[in-house]
Number of protein chains: 2
Amino acid sequence: MTAQRNEGRTAPAGSSETVAQDSLAPEVPSARERARAIPEAAVARLAVYLRVLSTMAEQGVTTISSEELAAAAGVNSAKLRKDLSYIGSYGTRGVGYDVEVLVDQIERILGLTRKHSVAVVGIGNLGHALANYGGFPGRGFPVAALFDVDPDLMGVPVGGIPVEHVDDIPTVCAEREVTIGVIATPPAAAQLVCDRLVSAGVQCILNFAPVVLQVPDDIEVRKVDLAVEMQILSFHVARRADEATEHEASADAATRANGARVAAADQVGVRR
Amino acid sequence: MTAQRNEGRTAPAGSSETVAQDSLAPEVPSARERARAIPEAAVARLAVYLRVLSTMAEQGVTTISSEELAAAAGVNSAKLRKDLSYIGSYGTRGVGYDVEVLVDQIERILGLTRKHSVAVVGIGNLGHALANYGGFPGRGFPVAALFDVDPDLMGVPVGGIPVEHVDDIPTVCAEREVTIGVIATPPAAAQLVCDRLVSAGVQCILNFAPVVLQVPDDIEVRKVDLAVEMQILSFHVARRADEATEHEASADAATRANGARVAAADQVGVRR
DNA sequence: CGTTGTGAATTAGTTCACAGCA
DNA sequence: TGCTGTGAACTAATTCACAACG
């Protein structure tokens, strides 16, 4: 609904890529253009590598091979090296990578050198939990504003920030230069809140509400959807059960027995 | 790093597919085998279609075309039809799909006809919020147990379920036939908790802790990682900023001005 | 007709495998 | 010698485009 949308945009697909700009400026794979070239899937993994590397650094590790880092991140080393190659060549052949250098470079690519002010909308169970993280995960994401509609919450500080009314989203967000909006409202309110955030100049939205948001296509939306996650898991349980009944003749306990065969699931790629 | 892993398994890739079984039983693309064939990405979207369809049904909609459903789900219609085709042919050419039929079929494929008992481990901010949902999203996921290490929490009911000690995970989970474990502990405790859940027979894990879990490869793990999500958004903010400075000559306000061009972002596919 | 269902074409992402370098 | 960086090969996912059909 609210379907003024237009999925099929104008471009006939399979045409552009680096196009859409003037044909002057021959080729500048600068840091800017380089960034565009990083596959979406790789970006998600870079964030994981960053965390692993930070942990390593804390433990005093200064150098690490692709094999080691890959194991710790739950991916294979070829993928890891390919991912790192998107951001440049910072390894030393025969040796590995300098942990600190890698941390710096990944932070640079992910734009973590900037501060990204965050607004959380919907201070219920979840919003409360989010606000209490006080300065989002990994720092660099200060919570600049909280919003709700509940009159009882107005002015009440959560995690040190007073709750304001959702009607004030446009003014407050614009004023505090919020770039990331987090929606933790009931589903019915999500689209309205989203529209306000967008009109306030917010560029990216993290949506916890179980609805599909309609947004201008220059707004980046990521969603975290509990129900979907649970149902995907349910699917796998079901598939497994089916397989079991399928060939329920052969070894059964035999398979279950060697529960020691540990292999880091590729949890990085959002899917397997 | 607990790295007994072995990413490169034995199979030389590009060999199997439907293999690995006896060559008798010629070909049975039964519901079971059919399930195996559904692309992971499609499964995630089916869950979204299901929600949209349920909402539709509530509103009295009985029939819907691929174009309409696709719009509401934020995907294009070709993808939607392809996704639905994985589960069977339930549409009527020239007409569309019967909403109720589709709901039933998707629920069947996702295994939502079964009950999946859930255990939540780590009753902090987030765990508390999760437990309070009381019976996870969309029903069918009853919370059967809560665990923590905090002595003050032992026996305290949260969302109607008393908190038990993590040491009891193996016995309690096995006893109550928990199939899905939710980890909402601090990162340091996550792997240990995960190991216990696995030894208790839990098949799938939803991990909110910012660590890469090492699990036997017959365990399905999905992760929800706030920090990663925020950093992906950060990346996009940064890229955008770079692009802006890039060709800061031409129209600037012009682009920002027509903020009305709404197009449902493809929020379904976990990525774009 | 109008819309589904699906092979074929395309694009994105992963893995292989090895040349090249410290 | 050992490990990175990457072209080439492969696999997965998406999109096209149209025949089939109620």
Side-chain angles (χ1 to χ4, degrees), chain A residues 7-9 11-19 29 34 36-46 49 63-71 73-98 101-102 105 266 268-272, chain B residues 7-19 29 34 36-46 63-71 73-98 101-102 105 266 268-272:
Chain A
E7 194 68 40
R9 10 285 164 65
S15 60
S16 55
E17 175 88 317
T18 324
V19 190
R34 161 80 58 59
R36 158 109 52 131
I38 303 179
E40 189 71 16
V43 173
R45 288 191 297 265
L46 284 170
Y49 304 154
T63 292
I64 194 168
S65 70
S66 63
E67 202 66 54
E68 294 169 311
L69 179 51
V75 300
N76 69 43
S77 62
K79 195 190 286 184
L80 176 111
R81 288 200 301 278
K82 179 70 86 178
D83 287 344
L84 292 184
S85 79
Y86 294 128
I87 68 173
S89 297
Y90 302 106
T92 307
R93 290 164 200 244
V95 179
Y97 301 89
D98 181 279
V101 168
L102 230 40
Q105 293 305 323
D266 184 347
V268 165
V270 186
R271 67 193 45 151
R272 283 195 197 231
Chain B
E7 195 69 41
R9 12 289 165 60
T10 334
S15 60
S16 56
E17 175 89 315
T18 323
V19 191
R34 159 82 57 60
R36 160 108 54 126
I38 304 180
E40 188 72 15
V43 173
R45 287 190 298 263
L46 283 171
T63 292
I64 193 168
S65 71
S66 64
E67 202 67 52
E68 293 169 311
L69 180 50
V75 301
N76 68 45
S77 62
K79 194 190 286 184
L80 175 112
R81 288 199 301 277
K82 178 70 86 178
D83 287 343
L84 292 184
S85 80
Y86 294 128
I87 69 173
S89 294
Y90 303 107
T92 307
R93 290 166 199 243
V95 179
Y97 302 90
D98 181 279
V101 169
L102 230 40
Q105 292 304 324
D266 184 346
V268 165
V270 185
R271 69 193 47 153
R272 285 196 191 228

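Just so it is clear: chains get the letters A, B, ... in the order the sequence lines come, proteins before strands, and each one is counted from 1.
Proximity note for E40(A) (side chain, C-beta onward) versus dT6(D), dT14(D), dG13(C): the nearest is dG13(C). Of the candidates dT4(C), dT6(D), dA8(C), dT6(D) carries the atom nearest the S89(A) side chain, counting heavy atoms from C-beta on. In this structure, of dT14(D), dT4(D), dG13(C), it is dG13(C) that holds the atom nearest to the side chain of P39(A). When the nucleotides dT15(D), dT14(D), dT15(C) are ranked by their closest atom to the side chain of Y86(B), dT14(D) comes out on top.
Distance CD/E68(B) to CG/L80(B): 11.0 Å, rounded to 0.5 Å. Note that OG1 of T63(A) is 12.0 Å distant from CG of L69(A), once rounded to the nearest 0.5 Å. The line from OG of S66(A) to NZ of K79(A) is 14.0 Å long, rounded to the nearest 0.5 Å.
Atom NZ in K82(A) sits roughly 15 Å away from atom P in dC18(C) (whole-Å rounding). If you measure from atom NZ of K79(A) to atom C1' of dC10(D), you get 14 Å, rounded to the nearest angstrom. The distance from atom CG of L80(B) to atom C1' of dT6(C) is 14 Å, rounded to the nearest whole Å. Between the CD atom of E67(A) and the C1' atom of dG2(D) there is a distance of 12 Å, given to the nearest Å. Between the OH atom of Y90(B) and the C1' atom of dT3(C) there is a distance of 19 Å, rounded to whole Å. Following rounding to the nearest Å, L102(B) (CG) and dT4(C) (P) show an atom-to-atom distance of 10 Å. Computed from coordinates, the N76(B) CG to dT14(D) C1' distance equals 8 Å when rounded to whole Å. Atom pair I38(A):CD1 and dA12(C):P shows a separation of 15 Å (rounding to whole Å applied).
With contacts defined as side-chain heavy-atom distances shorter than 4.5 Å, the pair Y49(A)/L102(A) does not qualify.
Remark: S65(B) is not in phosphate contact with dT3(C), judged by side-chain N or O atoms under 4.0 Å from OP1 or OP2. Between R81(A) and the phosphate of dT15(C), there is no side-chain N or O to OP1/OP2 separation shorter than 4.0 Å. Taking only side-chain nitrogens and oxygens, S66(B) never comes nearer than 4.0 Å to OP1 or OP2 of dT3(C). Between Y97(B) and dG5(C) there is a side-chain polar atom (N or O) within less than 4.0 angstrom of OP1 or OP2.
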Pairwise N/O distances under 3.5 Å, protein to nucleotides 19-22 of chain D:
{"unit_1": "dA20(D)", "atom_1": "N3", "unit_2": "R93(B)", "atom_2": "NH1", "d": "2.7"}

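When all heavy atoms of Y97(B) and G91(B) are compared, the pair lying nearest together is CD2-CA, 3.4 Å. Between N76(A) and A70(A), the closest heavy-atom pair is C-CB, 3.8 Å.
Shown here are the side-chain hydrogen bond (donor to acceptor under 3.5 Å, both in side chains) partners of Q105(B), two or more places apart in sequence or in another chain: Y90(B), R108(B).
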